Structure formats: C-alpha cells, structure tokens
Number of protein chains: 2
Amino acid sequence: MATSCFAERLAKHVPLSDAEKSALARLEENPRKVKRGAMIQRVNETVTELFVLREGRVMSFVILPDGSRQILRVYFPGDFIGSASTIYSKAPESLVALTDVVVCPFDKHALRRLLEDYPRVAALLFLLSNAERVAMTDRMASLGRTSAKARVASFLLDMFDRLRVTDDGVIDSFDLKLTQEEIGDSIGLTSVHVNRMIRQMEQEGLISRSNGRITLHQMARLEEIGHYINRHKVMDLDWLPVG
Amino acid sequence: MATSCFAERLAKHVPLSDAEKSALARLEENPRKVKRGAMIQRVNETVTELFVLREGRVMSFVILPDGSRQILRVYFPGDFIGSASTIYSKAPESLVALTDVVVCPFDKHALRRLLEDYPRVAALLFLLSNAERVAMTDRMASLGRTSAKARVASFLLDMFDRLRVTDDGVIDSFDLKLTQEEIGDSIGLTSVHVNRMIRQMEQEGLISRSNGRITLHQMARLEEIGHYINRHKVMDLDWLPVG
DNA sequence: GTGGGGCGTTTTGCCATCGTAACGACAATT
DNA sequence: AATTGTCGTTACGATGGCAAAACGCCCCAC
C-alpha cells in the first residue's frame, strides 16, 4: 500500500490511528504527475475532485474580464487544494503547476464518506480550513490597507514561514519559484512596482538575492514593515477530539 | 425549549432531523443581547466561544499598527461567527455590533462534541466554510485587481445578495447600516473616495439613495462594473450525506 | 563559436488614481 | 446651544500603474 500524502500532512499536526491512516490511504489510488505550467483545474469547468499536493508548487488564480490576474494562493507540499468543489460543481478558480508536480486527487464523495466514518479527521479538516480562513483575512488586510513595500515584505515572510513548516532545509533563504509578475499578481501590484520594491529592500539590506534564491536578513524589521504575524507559532490543536 | 438559531440557519440549506435539531438547540443556553457599537470580541483576547448571529449586524475587523482598519466581513442574521477560536486561543480579529444585536454563543468544545455525534452537521459546516472561503477569494480579487468603482459596485451587490438569502423583504433596496468610512475600510478605500464613487454612480443612475436606504437600479450593469458573481445561485449541496 | 529566440528582470518617463488634509453643511443627541 | 456623527466638497500631492525598451541569461540550432 502506498503511503497517503494526505495522512502525512494531517499527521504533522496530530498523531493518527492506524485505522485513520489506512482509510486515508485508500483514497489515493493514482497520484498524478503534472508538468510545470500545466493546468490542473480550469475555472468554470466541472470538478468532482480535490487534491493534496505531494511534490512541487501549485497556484490558484482567477482572470478578471479585463485580463488581469489575481493569484489567490500558492500551495506547497502537504497542502489541501480545491475544497471548493465540495460546494460548487463548477470550479471557482483555476489551478496551475508552478513547477513539475505530483498531486494526489480524491473524489469528493470518497472524502465525504471518510469524514462520516472518521470524525476526528473531519474535525482536523475543519480546524485547518479555519486556519486557512485566518490566513486569507491576513492577506485581505495586507491588500486593502498596506503599502506596496509592506505587501512584498509580508508576502515573502508568509512564503518563508509556510515553506518552513514542511521543509526543514529552509533556514533564512529559499527559492520562491515565482516571477516578479506572479508576485505582483498575488499582492495586487504590477511587476514593475514589485521590482522597484524588491530592489529597494535589497539596497536597504533587508533581503538579498542570487540566482533565484531569496535571503531574508532582518526578519524582525521585515515583520514590522509588513505588519506580519506568524500564525503558525500560535496554533492550538487541543480543540480536537482525544485520539 | 428555545429554538436554536443555529438550527434555523442550517435548515435553510438542508432539512434537519429532529435529533439534529434538538442537539443544536442544546448548545444555546443564553442568547445574548449586545448594544450597537459594543465589542463582542477583542483581538488578542482569549476566546473559547463561537457565535451564531440571530438578529442585527456584526462586523469583524483588524486594526493595523498605523491605526488603519480593515473590515474583514460584515455578518447578517443566521451567519456563523468566530470559528477561528477553534484553532487560535487568542482572537485573530475583533467583533463589533453594527446595530443592536442578539448573538447565540456556544462553547467551542460543545461544538466539537456536536460534530462528533452528528456527522451530517459536521459535513454541512465544512461545506459552508468552503463557501465562505470562496467568498473571501472573490473579495481578494476585488481588492487586488479592481478599481475603486468596481469595488464599491461588487460590495453593494454582495451585501444585497447576502441580505436576500435570509430577508425576503429585500427586493431592490436595502439599508446598509454602514457609514461610508466603514464601506471604505471594507474595500480598501478612504471614505472620501467611497463618497466620490457613490455620488458618481448615483449621477449615472446606477443607484439611488434616500435617508440611508440604497436602491440598486441596473443590476446587470453593476455586476459588469464590479466583475461580480453571485455564488449563492450556483451552490450545490448534493455532496452532503443523505438524510 | 555564433546568432537567434524566449523569458524574466531592470529601467525610464509620464500621468491617473486615489489618499491626505481641511472645512462646511446638516441632522440627531444632550 | 453645544456636541457628535455623517456626508459632501475642494486643493494638492504621493503612490503606483502603464508603455516601451534595453538588458541579461539560458537553451538551441546552425
């Protein structure tokens, strides 16, 4: 039996029973490889699947009628993707692989049956979706009420802290795998202005760059500039049912 | 036994069994009245409760270090509020009553036990939290990539459509109960610019106003200007376990 | 090795959008 | 009559968008 990437993900938060683990593993019959740049889900197309991302990076986004793009979320290994298909039969957002990727798709009805049988898994998913909700409110405050520089700073810190959850190799530098245009589309700026801000922050010694890797030098200062809060540090899982 | 406002809310989406209804009702021992302007929850304070809003309107918001405010969400009767307290023991956002209000608080652990015993209720809550997530991605696209006028238009339409879900008296006009400053703090604009846009839209015959009530005249045109999608119309609840 | 072609980054000048500050009108409270 | 809250209006200026071009880099073909 192949290991379940969903089980691995959930086990990062809370220990799972063997029954839970094997039930999770049964969901995943065909991990799927996707090439960099390929579309995993297209907005408005019928969807019945959700995914867990095993390897690589994925983004979700929408294109507005004027052609501009808003990137909604960048996903990292272990993330749970596409849960909107439980309530909308047409995808509200597109999914594209930012790198070569391995995703584990499940059918939405198989997920439902799992949640019926394993209430602790259901509770954990409910918790994580609340954490995602708070992450999105943080982004909203950033988009609505902070300057371009603050948005870049908090975006970099967010990516950094989320990478660190699963990737222990990340200390103070990381490979973003995003173009400046993609950064701009994430935080509501043009690529030109992203570039201005990044160079400015580099000149000020806040960050540095070499061949695609970004190094954060003054975390505390960056957090201040970006009005950034690291929510991962303060999560509290004792709401969950006892194992 | 008092009726449960939570049960009423959920029953709007799907029929509930008597067992489910009475379990929901047991959660609510003390509906609480709150005066207009009073704080229901303060950011960073310890919280162990969630709420369903029975009467009136509530907003959630954060204040940034420079004093500016981002309003995250306006809640209407029937909405489920403050679920972040399941995962963060300190509130990530403040809640304030916009009008005189009646809220039904539950303890977060009582909610957990309910979800364990009633998987269908758990599934329904999971669904609704996914719908909320999509609503927030729509707002993010609006904040990040649309003009001031588009934001005002989509904000008005969103408020309108959400009011209509529960309030059958709403046809084409409604009472927003928000100052222009509050509108601005919701959509990332200053009150001055909100005022500019509203007066412009009034001149163009898109909306009209009289003593606090707003009337929407050209819905289709407003949807186009705001790049607005009414997600309520396309929800699909057949993912839920059979009753 | 040389000459593209594609892709992302860097840079510039111009200017629209939107924020800031400040004040008056008006209604509702007290 | 004084106070408070909201809306309306203006002048001014900063932030950040837009368009366009050059630059650097990598890969590939010849």
Side-chain angles (χ1 to χ4, degrees), chain A residues 35-37 57 59 64 66-71 96 98-99 142-156 175-203 207-214 225-226, chain B residues 35-38 59 64 66-71 96-100 141-153 155-156 175-203 207-214 225-226:
Chain A
K35 283 276 174 213
R36 176 186 140 93
R57 302 202 189 152
M59 64 174 177
L64 298 188
D66 65 358
S68 63
R69 173 176 68 175
Q70 176 67 45
I71 295 179
V96 162
L98 288 165
T99 64
S142 182
L143 285 179
R145 280 288 176 244
T146 77
S147 68
K149 196 170 171 186
R151 292 189 218 177
V152 173
S154 66
F155 184 75
L156 292 178
D175 200 336
L176 198 47
K177 312 261 193 211
L178 292 175
T179 67
Q180 295 182 357
E181 184 169 8
E182 285 163 343
I183 297 173
D185 285 350
S186 297
I187 59 181
L189 297 172
T190 58
S191 61
V192 174
H193 208 61
V194 169
N195 182 272
R196 285 199 267 256
M197 294 301 107
I198 285 183
R199 277 180 299 116
Q200 189 184 319
M201 289 166 74
E202 199 171 15
Q203 280 185 349
I207 63 175
S208 63
R209 290 172 298 157
S210 63
N211 49 27
R213 282 191 84 75
I214 294 187
I225 290 171
Chain B
K35 282 276 174 212
R36 177 185 137 93
M59 65 174 174
L64 299 188
D66 65 358
S68 63
R69 174 176 67 174
Q70 176 68 44
I71 295 179
V96 161
L98 287 166
T99 64
D100 288 356
S142 183
L143 286 179
R145 282 283 175 248
T146 77
S147 69
K149 195 169 170 188
R151 292 188 219 178
V152 173
F155 184 75
L156 292 178
D175 201 336
L176 199 48
K177 312 263 194 209
L178 292 173
T179 67
Q180 295 183 355
E181 183 170 10
E182 286 163 343
I183 297 173
D185 285 350
S186 297
I187 58 180
L189 298 172
T190 59
S191 61
V192 175
H193 208 61
V194 169
N195 183 273
R196 281 199 269 255
M197 294 300 108
I198 285 182
R199 277 181 295 115
Q200 190 182 320
M201 290 165 74
E202 200 172 16
Q203 279 185 349
I207 64 175
S208 64
R209 291 171 298 157
S210 63
N211 52 24
R213 281 192 84 75
I214 294 188
I225 290 170

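Order of the sequence lines sets the chain letters (A, B, ...), proteins ahead of strands, with each chain counted from 1. Predicted model only: the values in this text are computed from it and were never measured.
The distance between atom NZ of B:K149 and atom P of C:dC18, rounded to the nearest whole Å, is 11 Å. Between the C1' atom of C:dT17 and the CZ atom of B:R151 lies a distance of 11 Å, rounded to the nearest Å. Remark: C1' of D:dC7 and CD1 of B:I207 are 14 Å apart, rounded to the nearest angstrom. Between A:K177 atom NZ and C:dC7 atom P there is a gap of 18 Å when expressed in whole angstrom units. The nearest whole Å value for the distance from the CG atom in A:D66 to the P atom in C:dT17 is 14 Å. Distance B:I183 CD1 to D:dG8 P: 10 Å, rounded to the nearest Å. Taking atom NE2 of A:H193 as the reference point, atom C1' of C:dT10 lies 15 Å away to the nearest angstrom. Regarding A:D185, its CG atom lies at a distance of 11 Å from the P atom of D:dG17, rounded to whole Å.
The listed nucleotides are D:dG16, C:dT20, C:dC18; the one nearest the side chain of B:L189 is C:dC18. Taking only side-chain atoms of B:R36, from C-beta outward, the nucleotide of D:dG17, D:dT6, C:dG8 with the closest atom is D:dT6.
Residue B:G37 is classed as having no contact, given no heavy-atom separation below 4.0 Å to the nucleic acid. Residue B:G188 is classed as a sugar-phosphate contact, given heavy-atom separations below 4.0 Å to backbone atoms only. Residue contacts shown for B:S147 are limited to sugar-phosphate atoms, with no base heavy atom under 4.0 Å away. Contacts of A:R209 with the nucleic acid, taken as non-hydrogen atoms under 4.0 Å apart, involve only primed sugar atoms and P, OP1 or OP2.
Judged by closest nucleotide on DNA chain D, B:S191 is the one of B:S191 and A:M197 placed further toward the 5' end. Between A:E181 and A:R145, the residue anchored closer to the 5' end of DNA chain C is A:E181, taking for each the nucleotide with the nearest heavy atom.
Proximity of A:K149 to A:R196: side-chain heavy atoms (C-beta onward) are nowhere separated by under 4.5 Å.
In terms of modelled atom types and a separation under 3.5 Å, the side chain of B:D100 and the main chain of B:R36 share a donor-acceptor contact.
For A:N195, a side-chain nitrogen or oxygen approaches OP1 or OP2 of C:dT10 to under 4.0 Å. For B:Q180 and D:dG8, the shortest distance from a side-chain N or O to OP1 or OP2 is below 4.0 Å. Neither OP1 nor OP2 of D:dC7 sits under 4.0 Å from any side-chain N or O of B:R199.
The neighbour count for B:K177 NZ, taken as heavy atoms of other residues, nucleotides or ligands under 6.0 Å away, does not exceed 12.
Contact of B:R196 with C:dG19 (side chain to base): a donor-acceptor pair of N or O atoms is detected under 3.5 Å.
The existence of a salt bridge linking B:D185 and A:R145 is confirmed by a sub-4.0 Å separation between a basic side-chain nitrogen and an acidic carboxylate oxygen.
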For this session: Test side-chain contact (heavy atoms from CB on, under 4.5 Å) on A:L156 and A:L176 and set out the steps.
Result: CA-CA 9 Å; A:L156 292 178; A:L176 198 47; 3.9 Å; yes
